[in-house]
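What follows is a short report on a single structure.
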Amino acid sequence: MTAQTHQSFFQMYEDTLTADTVAAPSTALLHAGSTRNLGDAAIMAAVAEMSPERHVSIAFHDNNPINIPGLSVSSHIGGSKRYISVGGDIFHNGRPWLCTRTFLANIRQLSENANKTIVFGQTIPTSCGWLGQRLLTTALHRARAVVVRDRESYGLLRRSGVDVDLAFDAAFGLTPSDSAIAVARTQFAALSIDPNRTVLLSVRSCDTIPGRSANLYYARMARLADLLVTRGHQVAVLVQSDANTNDSDSQIAYALKRDVPEVQVMDLFAYPGTFDRVAVLIGVMAIANIVVAARYHGAVLRLVSGRQPYHLHTSQKSRDLHTRLGLTGCALDHFHPDDAIPAIEATAAPTFSATPIRDDVRSAFDRAYAKIA
């Protein structure tokens, strides 16, 4: 046996020993997205906070993951005592009449652990049709509890015989904090803008809005920024995600700054340190004068902060949020900046009491969690 072969054999043995001896976490998350999408991160943070142990584990391969209180990354979550499936749109199936490999892998992971898994805060997207829907509902029948965040998903699962509960997005389980608001003020100061005069644009990458014209969407955002600057507002574009090239707000944010030079870019990923970026984002939402939210969690976290957004809904989940809460705004397809300015400016004053929704989400979580406790 050569030295190299001996070393490889020893490494294999050591890896096996480690896998066998590392204790599995008590509660692990399934189907979670990237910590570098602050909407996904908010869901993870909320679930960790609502869990009785105030701690959950996750196994994924995030490049440079951000710090989320109560969340630890583990290389070994198999054999955990309980699982919580939290990926909001994880059952999206890019081939409605067939099934993608990712979709099937998610179904398999859910099915393998169904007797100790709750599914919390999901949306069942319209892309999950025909065979995919049948596979999913079969798996959900076996889960210990299922809670969705929109009425369309709720109705679909009820018709399929799934015992399902309806709540709101898991991120509503979070609360704003004074310390995070203090840090948020430093983010505005770093850009030399006054939060009391700032309109914060929570934008989506053009590539993440299927079926819509990226050029038209960008043109409307640029027109909006220009109009707001002309009317004396300070404008900042939020980079809420830099998860990957397909889910990053940086390109549109810096393009808007290029075309409307007065625009500032607020990129919470650009600041060093391990501070709680989700908490600071909620703080930013709390003190910005106006928030125009094309991102779903831009609207959710503005509401969590106790303020009203101007909401541009683009999807099933955001349309449901919009109608259930009677938010100001419209479908992105119908958005015309010149006509919308008065309504946008009117959202500066109204506050929002998130307490009833927070209580509803936490109660729904407690009921579901009790079935795997």
Worksheet item: Are L325 and Y296 grouped together when hydrophobic residues (ILVMFWY) are joined by side-chain heavy atoms under 4.5 angstrom apart?
Response: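 L325 and Y296: one cluster.
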Discussion item. I need the full list of ring pair (Phe, Tyr, Trp, His ring centres under 6.0 Å) pairs touching residues 327-373, with sequence neighbours left out, sorted by first then second residue.
Written reply: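 Found F120-F365, F365-Y369.
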Fill in: Atom of H141, atom of S160 and distance for their closest heavy-atom approach
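That closest heavy-atom pairing would be NE2-O, 2.9 Å.
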Worksheet item: Out of L301, T198, V183, L200, which one pairs with V284 under the side-chain contact (heavy atoms from CB on, under 4.5 Å) rule?
Response: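 That would be L200.
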Is it true that [X] and [Y] make a salt bridge, defined as a side-chain N closer than 4.0 Å to a carboxylate O?
{"X": "D247", "Y": "R295", "result": "yes"}
{"X": "K317", "Y": "E152", "result": "no"}
{"X": "D165", "Y": "R367", "result": "yes"}
{"X": "R362", "Y": "E49", "result": "yes"}
{"X": "E345", "Y": "R231", "result": "yes"}
{"X": "D163", "Y": "R158", "result": "no"}

Discussion item. Do R220 and Y217 form a cation-pi contact, if we require the NZ or CZ to be under 6.0 Å from the six-membered ring centre and within 45 degrees of the ring's axis?
Written reply: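 Negative - R220 is either too far from the ring of Y217 or too far off its axis.
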Discussion item. Between Q308 and T351, does the side-chain hydrogen bond (donor to acceptor under 3.5 Å, both in side chains) criterion hold? Intermediate values first, please.
Written reply: CA-CA 6 Å; Q308 292 264 10; T351 57; over 6 Å; no
Worksheet item: Can you tell me if R144 uses its side chain to pair, donor with acceptor, with the backbone of K371 under 3.5 Å?
Response: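 Present.
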Item to complete: Please determine, by modelled atom types, if T328 and H311 share a side-chain donor-acceptor pair under 3.5 angstrom.
Response: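 Judged by distance alone, the side chains do not pair up.
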